[in-house]
Amino acid sequence: MAGYNPSSIEKKWQRIWQENQIFSAEIRPAKPKYYVLDMFPYPSGEGLHVGHPEGYTATDIVARYKRAAGFNVMHPMGWDAFGLPAEQYAIKTDTHPAVVTRKNIDRFRSQLQAIGFSYDWQREVNTTDPEYYRWTQWIFLQLYDTWFDPQQQKGRPIAELVAEFESGQRALPQSAGNKAWPQLDAQQQRQVLEQYRLAYQIEAPVNWCQALGTVLANEEVIDGKSEVGGFPVQRRPMRQWMLRITAYAQRLLDGLDALDWSESLKMMQRNWIGRSEGALVRFGIADRGGDVIVFTTRPDTLFGATYMVLAPEHPLVDLNAQNGLVASAWPEGTPPQWRSNANSPRDAVAAYQKMAASRSERQRQEDNAKTGAFTGAYAINPINKQRIPIFISDYVLMGYGTGAIMAVPAHDQRDFDFASAMELPIRRVVSAAADNPEAGKLPLESPGFAVNSSELNGLTTAEAKGLMCELLEKQSLGTRQIHYKIRDWLFSRQRYWGEPFPLIHLEDGSTVALADSQLPLTLPEVKDFKPTGTMEPPLFKATQWHHVQVVLEGDPGNPRARVVPAGTPGAVAARRELNTMPQWAGSCWYYLRYMDPKNTHAFCDPEKEKYWMAGGVDLYVGGVEHAVLHLLYSRFWHKVLFDRGLVSSPEPFRKLVNQGLILGEAEYTVFALESGQWVSAADIDPEFSTRVGADGKSEVISSQKATGALVIGKACDPTTVEKRGEVFVLKADAGIQVDARSFKMSKSRGNVVNPDDVIAEYGADSLRLFEMFMGPLEQVKPWSTAGVEGVYRFLQRVWRNLLGGDDGTLRVVRQYPDGGWACGSRRLTAAESEVAVRDAAAILRPMHRLISKVTQDIERLAFNTSISAMMEFNNALAKLTFVPMEAALNLLRVLEPFAPHIAEELYREISGPDAVISIATLPWPEFDERLCVDEELDIPVQINGKLIGRIRIPANSAEEQVLDMALADTQVAGRLAQRAIKKKIYIKGRMINLVV
RNA sequence: GCCCGGGUGGCGGAAUGGCAGACGCUCAGGACUUAAAAUCCUGUGACCGUUUUCGGUCGUGCGGGUUCGAGUCCCGCCCCGGGCACCA
């Protein structure tokens with residue numbers, strides 16, 4: 001029998017699985033379902049990297065294990081294929097994005113298939129397929145047709161809102177101008193409804209990225225730059241589509257509690273939603289009337305409010321507005337430090353607004369110094385009627401709360417800093433608890449007891465908050481308020497490669513949903529899909545597609561539009577929406593489509609949804625980078641679908657695990673000046689940057705701390721360094737510290753590992769095995785080529801253990817009913833049979849232990865220790881002369897989820913004509929708890945917690961017997977001498993401790 | 001600054017409060033070989049003593065505590081990674 005040669009067996013088995021549909025999932029009501037899901041990839045032009053197969057292998061192991069354990073498993077894969085990178089590439093190479101996308105998908109699919117994942121490929125989905133995005137559009141229309149009822153905390157159909165308006169059960173909004181519903185015309189009714197829909201359009205400042213030619217969601221902007229490409233992003237007013245995710249903020253927050261997700265991930269979502277409890281407080285404007293409303297989380301400190309601050313963009317300080325509060329002359333007695341060398345408040349405010357507008361988010365963050373301008377206006381503190389000055393400052397953000405604050409410098413660091421700069425009064429209203437080490441200091445931000453606060457005095461901070469809210473509410477000066485940081489989701493993009501919105505704009509300015517029968521609304525085939533260079537989307541150029549004739553159907557206040565040929569009676573001219581949806585749209589619901597991917601009547605058959613989604617997806621694995629984007633968006637969509645009765649579970653993903661990043665191979669970097677003289681890593685600036693050196697290899701550049709001289713770091717051979725204490729140093733010069741770490745894989749570093757290369761050299765099974773053997777799934781870990789060789793050697797040993805002894809013979813033996821033993825077709829001699837019996841007895845208990853260990857470890861996703869257990873068992877097999885068939889089959893059965901190709905091949909070889917078509921169809925082996933422990937155990941004996949010796953006992957010995965044996969042991973007896981034993985402790989099967 | 005993770009040999013890591021370092025890598029020595037590779041065997045936390053069998057001491061970031069017993073639990077620090085951050 002030839003040795004282990006992965007390339008000759010892997011393709012073969014992939015074909016057999018495919019041809020026999022081994023992994024197809026159909027509803028089998030008798031079996032419990034198990035839905036195991038991967039985050040589907042964005043098929044980039046780069047192809048797979050080793051990070052993809054990490055999570056995919058983990059889910060594949062669980063899928064294969066669960067199938068064997070009697071579950072009906074759904075394990076699908078698909079493509080998240082709309083989006084910017086493909087479009088950017090298409091523009092650069094002047095290829096249609098559809099062509100680029102198709103090519104990338106084909107590449108990804110063949111790469112994934114080469115790894116041998118047990119996907120049900122008949123369920124493959126592709127977000128750019130019109131038959132898929134037809135339902136993305138349809139679900140968007142459900143959002144468009146839903147309003148959020150705050151009383152019921154639930155999304156309801158627009159028709160129910162109309163009914164409530166009609167019956168007068170619900171009051172119309174103020175914008176309806178005191179009219180009743182039937183008095184409004186159709187256009188007015190549509191406008192009222194727009195204010196309630198979960199999908200709505202507004203003209204508002206948005207994140208515009210000139211380089212990408214599109215707007216971006218808040219979540220896609222990091223430090224004022226686009227997440228994709230790192231281009232600058234500006235705030236600009238534009239008409240945009242928004243999704244009212246804020247309505248679901250509380251539901252999204254509450255839903256997290258019951259989910260089996262990591263605490264850190266839940267925390268990220270909680271932070272993003274950003275709930276804070278406080279109050280809205282109304283401050284009257286002095287001498288002028290009107291008021292300013294602020295949001296505060298510390299209503300208890302209202303007596304300490306000594307001034308107010310508005311954001312520079314606040315409407316009340318808009319110098320062009322009618323109702324602005326900025327004074328035209330400095331009030332009498334304005335101190336010079338408030339005047340900022342300006343002739344009037346108007347000048348000061350104008351100058352400050354200009355300065356603030358020119359500062360980027362980044363600059364604002366980096367510079368924490370407090371600046372501002374006095375508006376010349378005063379407000380009245382509603383609780384003590386004090387006159388307090390009103391300032392503007394960019395430390396107050398228009399985007400949070402009301403864009404205005406009451407400043408309490410004694411109990412807020414920022415207010416304290418501003419008050420110090422402007423010489424404003426600071427009034428302590430909270431006294432710290434006695435044990436608080438910060439007691440004497442200001443500002444005091446921690447809770448304590450109210451002081452200088454009239455009727456609040458003596459109350460704890462929590463009590464004072466409550467009482468203040470009551471006082472405010474009684475006098476109509478304010479209300480309790482829960483505020484969320486999360487903003488509505490900006491949902492439109494000015495790009496070509498996305499789902500078109502199924503919406504029609506009428507000439508009267510109202511917007512109407514397209515009729516369901518007209519879905520999918522496909523992207524027009526255009527030659528020129530490039531950004532227009534203006535703020536108009538590329539679809540603007542598809543004039544024919546863009547201008548249409550429609551007829552309206554249904555309730556005139558809430559109609560649907562059908563595009564008809566020109567000249568159709570009743571048709572009116574209209575335009576299509578030209579924006580497209582963002583990349584996240586398709587991934588918001590793909591896990592639902594897998595259940596019924598070819599359905600042309602619904603996004604998913606309700607019966608199938610009920611079966612597969614009961615309790616949600618059972619296991620979802622993917623990268624942590626989607627913590628607040630995809631995972632929040634799809635929870636939102638899911639909850640809307642749930643409210644509308646379209647899905648049966650309130651949360652989509654019951655258990656979620658983030659796989660850890662895989663870093664490049666560990667590198668040792670030694671630093672030197674340009675002269676070549678070594679510099680210790682301890683003596684250089686820890687801020688590195690990288691570049692490509694003259695020899696084409698990547699270099700690290702930094703500077704020498706003492707002199708500032710340029711220092712160049714180059715990779716050095718691990719054999720030239722050694723560890724001294726905490727650090728690595730050069731063997732040649734122990735004074736020179738070397739930087740030792742692993743870097744994120746990147747093209748520029750040249751440390752990217754391509755799975756194709758690993759498969760070509762070691763096979764898919766070794767790739768899978770190593771990815772799992774590296775360490776815990778969720779942990780960040782460095783790649784190691786030597787490690788891949790390690791698992792490859794393990795697989796070779798398994799192969800040789802079963803198929804080739806040292807002399808090249810089959811080593812697997814089986815016993816016939818007549819009691820005789822055979823190795824293949826050869827009967828064993830009497831002497832050999834005796835050996836076989838002994839081997840079978842020797843391996844019995846290790847075999848049960850193996851099954852037990854692997855079973856439990858897969859359940860807790862501890863794949864690395866499962867593999868260790870298999871290695872140990874295989875090492876035990878190597879010590880035998882013969883390998884009993886049962887031991888071999890069980891090893892292969894538990895190996896199959898991890899390394900399926902070799903398991904299949906060996907199974908076929910050793911079981912000959914009895915073999916079933918695939919080992920994957922065999923049930924998972926059972927183990928006997930009693931056979932998992934050895935018959936005799938070595939038990940360590942300690943005296944006062946110190947190891948003295950060990951005794952050998954029968955496994956099921958009673959405590960008393962064991963202790964007697966311990967005391968009888970000569971080693972122990974000698975140590976004990978005649979000291980009295982105070983306490984005897986026996987932990988069953990573990991150890992003995994004698995306390996003297 | 002706030003909130004999560006995490007710190008165990010040369011490296012990746014293992015260990016329901018019960019023999020720390022499983023398993024793998026690396027390295028060293030040996031066997032096989034004309035030789036090399038591959039393979040197999042042995043050893044591989046540090047220090048000390050015998051320098052061969054063997055024996056001893058220390059050891060899970062640091063300092064304390066609980067416990068018969070702590071890598072594991074509690075308190076206080078240090079360091080690393082990640083997230084959020086002028087969010088009122």
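A note on names: the letters A, B, ... follow the listed sequences, proteins ahead of strands, and every chain is numbered from 1. The figures that follow rest on heavy atoms only: side chains count, while hydrogens, waters and symmetry mates do not.
- The closest donor-acceptor contact from the side chain of R275(A) to the backbone of Q250(A) lies at 3.5 Å or more, if one exists at all.
- A distance of 13.5 Å separates OG in S393(A) from CE in M308(A), rounded to the nearest 0.5 Å.
- Rounded to a whole Å, the CH2 atom of W799(A) is 20 Å from the C1' atom of C40(B).
- Listed for the D291(A) side chain is no donor-acceptor partner under 3.5 Å among the backbone atoms of F283(A).
- Inter-residue side-chain proximity for K266(A) and R270(A) is flagged as met; some heavy-atom pair is nearer than 4.5 Å.
- Only the P atoms considered, C3(B) is 27 Å distant from G64(B), to the nearest whole Å.
- Side chain of K370(A) to main chain of M422(A): no donor-acceptor pair is present (N/O by atom type, distance under 3.5 Å, no hydrogens or angles).
- Comparing the C1' positions of G6(B) and U60(B) gives a spacing of 14 Å, expressed to the nearest Å.
- At a threshold of 4.5 Å between non-hydrogen side-chain atoms, the residues I486(A) and W272(A) count as touching.
- Along RNA chain B, the nucleotide nearest K983(A) and the nucleotide nearest A404(A) are compared for position; the residue whose nucleotide lies closer to the 5' end is K983(A).
- Nucleotides U44(B) and A28(B) are separated by 8 Å at their C1' atoms, to the nearest Å.
- For the C1' atom pair drawn from G83(B) and C11(B), the interatomic distance equals 28 Å after rounding to whole Å.
- Ring-plane geometry between Y668(A) and F728(A) is classed as perpendicular, the angle between the planes exceeding 60 degrees on a 0 to 90 degree scale with a lower cut at 30.
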Polar atom pairs (N or O), protein with nucleotides 25-30 of chain B, under 3.5 Å:
from	atom 1	to	atom 2	distance (Å)
C25(B)	OP1	R793(A)	NE	3.1
C25(B)	OP1	R793(A)	NH2	2.9
U26(B)	OP2	R793(A)	NH2	3.4

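- Across all strands shown, D417(A) has no heavy atoms under 4.0 Å from either base or sugar-phosphate atoms.
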N/O to N/O distances under 3.5 Å, protein versus nucleotides 42-45 of chain B:
none

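- Between U52(B) and G13(B), the distance separating the two C1' atoms is 34 Å to the nearest Å.
- Checking C23(B), C68(B), A88(B) against every side-chain atom of V995(A), the shortest atom distance belongs to C68(B).
- Spacing between C79(B) and G63(B) at atom P, rounded to whole Å, works out to 16 Å.
- Within the 4.5 Å cutoff, side-chain heavy atoms of L631(A) are placed close to those of W261(A).
- In secondary-structure terms, RNA chain B builds stems of at least 3 consecutive Watson-Crick or G-U pairs, each pair having both distances under 3.5 Å, at B:1-7 with B:78-84, B:10-12 with B:23-25, B:27-31 with B:39-43, B:45-49 with B:54-58, B:61-65 with B:73-77.
- Within the structure, side chain to side chain donor-acceptor pair (under 3.5 Å) contacts touching residues 871-881 of chain A (residues at least two apart or in different chains) are N801(A)-N874(A).
- A perpendicular orientation is assigned to the rings of F391(A) and Y307(A), their planes being inclined by more than 60° (bins at 30° and 60°).
- Looking at L310(A), V317(A), L316(A), V309(A) one by one, the single match for side-chain contact (heavy atoms from CB on, under 4.5 Å) with I390(A) turns out to be L310(A).
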Nucleotide-resolved protein contact map, nucleotides 9-22 of chain B, B/S/- at heavy-atom distance under 4.0 Å:
-SSBSSSB-BB--B
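- A distance of 5.0 Å separates CD1 in I273(A) from CG in L253(A), rounded to the nearest 0.5 Å.
- Atom CD of E263(A) and atom P of C3(B) are 14 Å apart (whole Å).
- A70(B) sits 16 Å from G61(B) when the C1' atoms are compared, rounded to a whole Å.
- Interface remark: the K370(A) side chain does form a donor-acceptor pair with the C86(B) base, using a distance-only criterion of under 3.5 Å.
- Ranking C87(B), G24(B), C86(B) by closeness to the Y400(A) side chain, first place goes to C87(B).
- The separation between K946(A) atom NZ and G55(B) atom C1' is 12 Å, rounded to whole Å.
- Checked by atom type and distance alone, the side chain of Y352(A) pairs as donor or acceptor with a backbone atom of T371(A) at under 3.5 Å.
- The nearest whole Å value for the distance from the OH atom in Y4(A) to the C1' atom in U39(B) is 17 Å.
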Evaluation steps, ring-ring contact (aromatic ring centres under 6.0 Å, His included), between F794(A) and F773(A)
CA-CA 12 Å; F794(A) 160 64; F773(A) 187 60; 8.4 Å; no
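- The side-chain heavy atoms of P443(A) and H411(A), taken from C-beta on, include no pair separated by under 4.5 Å.
- Counting heavy atoms from C-beta on, the side chains of V758(A) and F770(A) never come closer than 4.5 Å.
- Here the separation of G71(B) from G82(B), taken at their P atoms, is 30 Å to the nearest Å.
- At whole-Å resolution of the value, CG in N658(A) and P in C4(B) are 17 Å apart.
- One interatomic measurement links the two molecules: CD of Q269(A) to P of G82(B), which rounds to 20 Å at whole-angstrom precision.
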Per-nt protein contacts along nucleotides 74-79 of chain B (heavy atom under 4.0 Å; B base, S backbone sugar-phosphate only, - none) come out as ------
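- E771(A) and K781(A) are not joined by a salt bridge, as no carboxylate oxygen comes within less than 4.0 angstrom of a charged side-chain nitrogen.
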